[in-house]
Amino acid sequence: MTVMPTLTLNDGNTIPQLGFGIWHVPPATTSDTVKSALGLGYRLVDGAFYYSNETEMGEGLRASGVSRDEVFLTSKIWNGDHGAEKARASVERSLKSIGVDTLDLVLIHWPVPSRFLYVETWQALVDMRQAGLTRSIGVSNFNADHLERIIAETGVVPALNQIEVNPTLQQPELRAANEKHGILTQSWTPLGNGRSFDAEPITAAAARAGKSPAQVILRWHLQLGNAVITRSENPARQAENLDVFDFALSDSEMAEIATLDLGLRTGPDPSVFRML
Ligand SMILES: NC(=O)c1ccc[n+]([C@@H]2O[C@H](COP(=O)([O-])OP(=O)(O)OC[C@H]3O[C@@H](n4cnc5c(N)ncnc54)[C@H](OP(=O)(O)O)[C@@H]3O)[C@@H](O)[C@H]2O)c1
């Protein structure tokens, strides 16, 4: 069984560096998928109200036989639930759906700057942490200006910013902005829809290490110092994605992968995304 490395957040809590996401996993298969992932050694499940599978996320946790306190559970407040009252109701609903008393991390899923409720929502999260609904609080898809704003207006720095990072969208400036504030970067869609699986720096590093392109890319995230969440419904690929702690990329391999950055998103642009 993999011994999962942990990182320490700016609030003193620890987080598994590699986690398992359940976006796009159908409710009908989520419980089995989560059970399988936990059985293989994942110790972080990244959920969200928006994914419509939080009830099954909790079922999978209980079916796995892994005790609640060994698993780091994340949820997120969706765009339509910004604002103090709705945000609190959203987190209470997620707790009930998952069937736990407290979460390990709650994130604001997107800033939705056009609504400009993210500061109020952030203050609500600060209050929810105080009330014990979650141990840590953070944000997702926040740009540097959104981070500056919530920190200036509340005095509270998020523990983590979950953003899209993959070889074709490496986000060096935003990662540096996170680091400046002591905020951990957590990579979503780390495999970048496989767009760089065939790129020479990836295939060459994979051949040298005897690993797959996906394993090289996950290792690249880990060596950047990021936390990372990956997803597979296939138990063999779940295991493959965990098997990334017995090799290292050299400095020159890391530098070659850095050249693959095209600034190309797989997902929406957070500065304009406003789906409710
Ligand atoms: N905060 C946000 O706005 C946001 C946005 C997107 C995602 N997320 C979170 O981040 C998590 C990870 O992102 P993601 O779901 O896009 O994950 P990902 O790991 O980048 O990609 C998952 C896709 O890659 C395939 N895959 C997985 N392992 C593979 C391997 N070893 N070789 C080849 N293909 C492989 C999977 O197919 P199979 O299932 O067939 O293996 C699946 O189609 C999400 O599940 C979610 O929790 C957050």
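Since this is a predicted model, take the numbers as computed values, not measurements. Whatever order the structure lists ligands and atoms in, that order sets their numbers, starting from 1.
- Taking a cut-off of under 4.0 Å to the non-hydrogen atoms of Phe197, the atoms of ligand 1 that pass are 33 (C).
- Between Pro190 and ligand 1 there is a heavy-atom distance shorter than 4.0 Å.
- In the vicinity of Ile22, heavy-atom distances shorter than 4.0 Å reach the ligand 1 atoms 45 (O), 47 (O).
- Between the side chain of Gln170 and the main chain of Pro167, a donor-acceptor pair closer than 3.5 Å is present.
- At the shortest separation from atom 39 (O) of ligand 1 among protein heavy atoms lies Glu233 N, 2.9 Å.
- The protein heavy atom nearest to atom 44 (C) of ligand 1 is Trp23 CB, 3.5 Å.
- The atoms of ligand 1 that sit less than 4.0 Å from any heavy atom of Trp110 are 3 (O).
- Side-chain heavy atoms closer than 4.5 Å link hydrophobic residues (I, L, V, M, F, W, Y) into clusters, and following such links, even through other members, never connects Ile217 to Leu169.
- Counting only heavy atoms of the protein, atom 13 (O) of ligand 1 lies nearest to Thr189 N, 3.1 Å.
- Residue contacts with ligand 1 do not include Phe20, since none of its heavy atoms lies under 4.0 Å from the ligand.
- Note on Lys96 versus Glu54: no salt bridge recorded, every NZ/NE/NH1/NH2 to OD/OE distance being 4.0 Å or above.
- Closest to atom 34 (N) of ligand 1, if we only count protein heavy atoms, is Arg237 CD, 3.8 Å.
- For ligand 1 and Asp46, the ligand atoms under 4.0 Å from any heavy atom of the residue are 9 (C), 46 (C), 47 (O).
- Scanning all protein heavy atoms for the shortest distance to atom 19 (O) of ligand 1 gives Thr230 OG1, 2.6 Å.
- For ligand 1, the atoms lying closer than 4.0 Å to a non-hydrogen atom of Ala214 are 30 (C), 31 (N), 32 (N).
- With Arg135 as the partner, the side-chain contact (heavy atoms from CB on, under 4.5 Å) test is satisfied by one option alone out of Leu103, Leu105, Asn13: Asn13.
- A donor-acceptor pair under 3.5 Å links the side-chain atoms of Asp104 to the main chain of Leu73, judged by distance alone.
- With a 4.0 Å heavy-atom cut-off, ligand 1 is reached by the backbone of Ser232 and by its side chain too.
- Arg93 forms a cation-pi arrangement with Phe49, by the criterion of a distance under 6.0 Å to the ring centre and an angle within 45° of the ring axis.
- Between the side chain of Arg115 and the backbone N or O of Asn79, at least one donor-acceptor pair lies under 3.5 Å.
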Evaluation steps, side-chain contact (heavy atoms from CB on, under 4.5 Å), between Gln123 and Tyr118: CA-CA 9 Å; Gln123 183 60 55; Tyr118 65 85; over 6 Å; no
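- Given atom 31 (N) of ligand 1, the protein heavy atom at minimum distance is Asn241 OD1, 2.9 Å.
- Taking the charged nitrogens against the carboxylate oxygens, Asp127 and Arg88 have no contact shorter than 4.0 Å, which rules out a salt bridge.
- Closest to atom 10 (O) of ligand 1 among all protein heavy atoms lies Ile229 CD1, 3.3 Å.
- When Phe273, Tyr50, Trp188 are checked for heavy-atom proximity to atom 4 (C) of ligand 1, Trp188 turns out nearest.
- At a 4.0 Å heavy-atom cut-off, ligand 1 does not touch Thr266 at all.
- In this structure, Gln238 contributes its side chain and Ser232 its backbone to a donor-acceptor pair below 3.5 Å.
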Lys76/Tyr51 under side-chain contact (heavy atoms from CB on, under 4.5 Å): CA gap, chis, key distance, verdict: CA-CA 10 Å; Lys76 310 185 191 83; Tyr51 303 161; 3.0 Å; yes
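- Around atom 3 (O) of ligand 1, the closest heavy atom drawn from Asn141, Val25, Ile163, Leu191 belongs to Asn141.
- When hydrogens are left out, the protein atom nearest atom 17 (O) of ligand 1 is Arg231 N, 3.7 Å; that is the closest non-hydrogen contact.
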